[in-house]
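Written below as C-alpha cells is the structure these notes are about.
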Number of protein chains: 2
Amino acid sequence: MSAAAATRRGVPEASVARLPGYLRALTALAADGTLSVSSEELASAAGVSSAMLRKDLSHLGSYGVRGVGYDVDRLSSEIAAALGLTQDWPVAIVGMGNLGRALAAYRGFAERGFRVIALLDRDERVVGEVVAGTRVRSTADLPALVEDDGLAIGVIATPPEGAQEACDELVDAGVRSVLNFAPVVLSVPDEVVVRKVDLSTELQILAFHGQRLAVAEAVAP
Amino acid sequence: MSAAAATRRGVPEASVARLPGYLRALTALAADGTLSVSSEELASAAGVSSAMLRKDLSHLGSYGVRGVGYDVDRLSSEIAAALGLTQDWPVAIVGMGNLGRALAAYRGFAERGFRVIALLDRDERVVGEVVAGTRVRSTADLPALVEDDGLAIGVIATPPEGAQEACDELVDAGVRSVLNFAPVVLSVPDEVVVRKVDLSTELQILAFHGQRLAVAEAVAP
DNA sequence: CACTGTGAATACCTTCACAGCA
DNA sequence: TGCTGTGAAGGTATTCACAGTG
C-alpha cells in the first residue's frame, strides 16, 4: 500500500500527530550514522510505546523487516511522504507584534522545510518596516501571494481582536491551513483546517496538575 | 461535590484541556454584561458541542439550573477553582534566545494570572542583560527561586541541545510543571508534568491535511 | 416548558499478545 | 531466533437521547 493510498483511506488523527516526532527521532539517528532501528529503540527515542509506534507505522504501510527492524532512511522518506513534506508549503505570518516578530526570526520553520515567504500586517504604519530581513507587506497582498507564490499555510499572530479578520482574509485568498496563536475560536468553512497554539491554555492545564499534586500530597504526604 | 473532590476523583484529561476555553468564553460573556448562559450558547462560544460541554461540567459538579442555564460568574469561579487558578503560579522562563525574549515580552501570561518572576539563562554573557524590563538571572538561582519565591512552573525556551539540562535543573530545584518549547522529548520523573508546544510539529500536521485535501480534489475535483 | 445532567450507545485510541516471516 | 504487523481486548472520549427538575 502506497503512502498516498494510506492517506486516502485515512490515517487516524492521533497517529498523524505523532509522525513528526518519529521523523525527528529518525533524523537524529541518521545524523549519528545509524542505519537500522527496532521499534523498541525508535519508540523510546520518540517517547511512546513500541506497540503504538508499530500500530502507527502500520497505517502507512509495512516498511519494516521482521526480525530486524526499520531502515532509517527508508522510513524517514516514507513518513515525510505521508506528511506531504516532499512538496513545499509556503508560509505567511500575519501580525507583526511581539509574537509575529519572534516567529519571523525563528529558524525552526526553515530547518523543517517550511519557507516563510511573507510577513504581513494590516496596519499601514507597520507595512514597509523590515523584520528579520524581510519587508512587511499588507494583508491586501494575500490573493497575489496565493496565486503567484503558492502560499498554503497562514500563521495568525495578531491580537485576539484581529484574529478572525486575519483568518477571513487568509481563507478568502484561498489558504486552507491555518496555525492560530491568538486565544480565540476561529470560524472557518469545513475544508479549512485550523490548529491552535495557546500558551495560557497550556499554563492553565499545568496549574491544574500542579494543584492535583498538591492535594494528593496533603492527603498522603 | 466540591471542585477539590472532583479533582481527586479525576477529571478526564480531555475535559481539563477544554476548561480554559470555557473560562475564556465566560470571561468574554461577563465583560459583555451577560449574567446567565445556556450550554448551547456557551458551547458555541467555546467551539464545542453542547453535549460535550455539559458532560465536561458534570465532572466538576452541578452548577447549572435546569430550564435556565448557568450563572456566568458562578461557573467562572468554579472552573477557575477546578483549574487551581485561585492560587498563583509563579513562572520562570529559561533560555533568552529569540523565543525566550518574545515570551518574556508577551502579555498573555500576566493577563491570565501567571506572574513571570524570573528570566534565566545559563550563558554568563546573557546574565545581567535586561529583557522586557527584567534582569536576566543565572539558572544557578533556581533553587532560591523555588524556595523563596514559590516558583512552580518552568518554561523551556532553550535550543534543543540545552533543553534536557534546563529541565533537569528545574526538576532538581523542585519545579514539577514544565512547558517545553524545545523540539525534544524530555525525560522527567513521574511526578513532573511536561506539556509540549512545538511549532514545526503543528506545521507538519497542517501539511498532512493540506496534502490530503489536494489528493481528495485530484480524485473528485 | 426549556434546559440540565446523565445512562446508554457509539466511535476512537491504546495496549496486549501472538501469528507470521526474514 | 527476534522482530514486525495485526487481530482482539480493553479503555477512554464523544455523541445520543431522554428522564428529571427548577
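Note that this is a predicted model, so its numbers are computed, not measured. Each chain gets a letter, A, B and so on, in the order the sequences are listed, and its residues count up from 1.
- Panel note: side chain B/Arg115, backbone B/Pro90; no donor-acceptor pair is recorded below 3.5 Å.
- A 6.0 Å sphere centred on CD of B/Glu191 holds more than 12 heavy atoms belonging to other residues, nucleotides or ligands.
- A residue-by-residue look at A/Ala51 and B/Gly64 shows that B/Gly64 has its nearest nucleotide of DNA chain C further toward the 5' end.
- Mapping A/Pro12 and A/Val65 onto DNA chain C by nearest heavy atom places A/Pro12 closer to the 5' end of the strand.
- B/Arg18 has a side-chain polar atom (N or O) that falls below the 4.0 Å cut-off from OP1 or OP2 of D/dT14.
- D/dG5 atom P lies 16 Å from atom CE of A/Met52, rounded to whole Å.
- Taking every side-chain heavy atom of A/Ser62 into account, D/dG5 is the closest of D/dA19, D/dT14, D/dG5.
- Atom NZ of A/Lys55 is separated from atom C1' of D/dG7 by 7 Å (rounded to the nearest Å).
- At least one side-chain heavy atom of A/Ile93 sits less than 4.5 Å from a side-chain heavy atom of A/Phe109.
- Once you apply a 4.0 Å limit to the heavy atoms of chain B, the touched nucleotides of DNA chain C run 5' to 3' over C/dA2 to C/dA8.
- Partner of B/Leu75 under the side-chain contact (heavy atoms from CB on, under 4.5 Å) criterion, chosen from B/Leu23, B/Leu26, B/Leu60, B/Leu29: B/Leu26.
- When the side-chain nitrogen and oxygen atoms of A/Ser38 are compared with OP1 and OP2 of D/dC3, none of them lie within a distance under 4.0 Å.
- Between B/Arg54 atom CZ and D/dT15 atom P the separation is 12 Å, expressed in whole Å.
- In this structure, A/Glu40 places its CD atom 14 Å from P of D/dG2, rounding to the nearest Å.
- Counting non-hydrogen atoms under 4.0 angstrom, A/Ser15 reaches nothing in the nucleic acid.
- Distance, A/Glu13 CD to D/dT14 C1': 15 Å, rounded to whole Å.
- Between the side chain of B/Gln164 and the main chain of B/Ser187, a donor-acceptor pair closer than 3.5 Å is present.
- Atoms CZ and OG1, from B/Phe181 and B/Thr158 in turn, are 11.5 Å apart once rounded to the nearest 0.5 Å.
- D/dG2 atom P lies 14 Å from atom CD of A/Glu41, rounded to whole Å.
- Rounding to the nearest 0.5 Å gives a distance of 7.0 Å between CG of A/Leu57 and CG of A/Leu42.
- Taking atom CG on A/Leu57 and atom P on D/dT4, their separation rounds to 10 Å, with Å as the unit.
- The nearest whole Å value for the distance from the CG atom in A/Asp71 to the C1' atom in D/dC3 is 15 Å.
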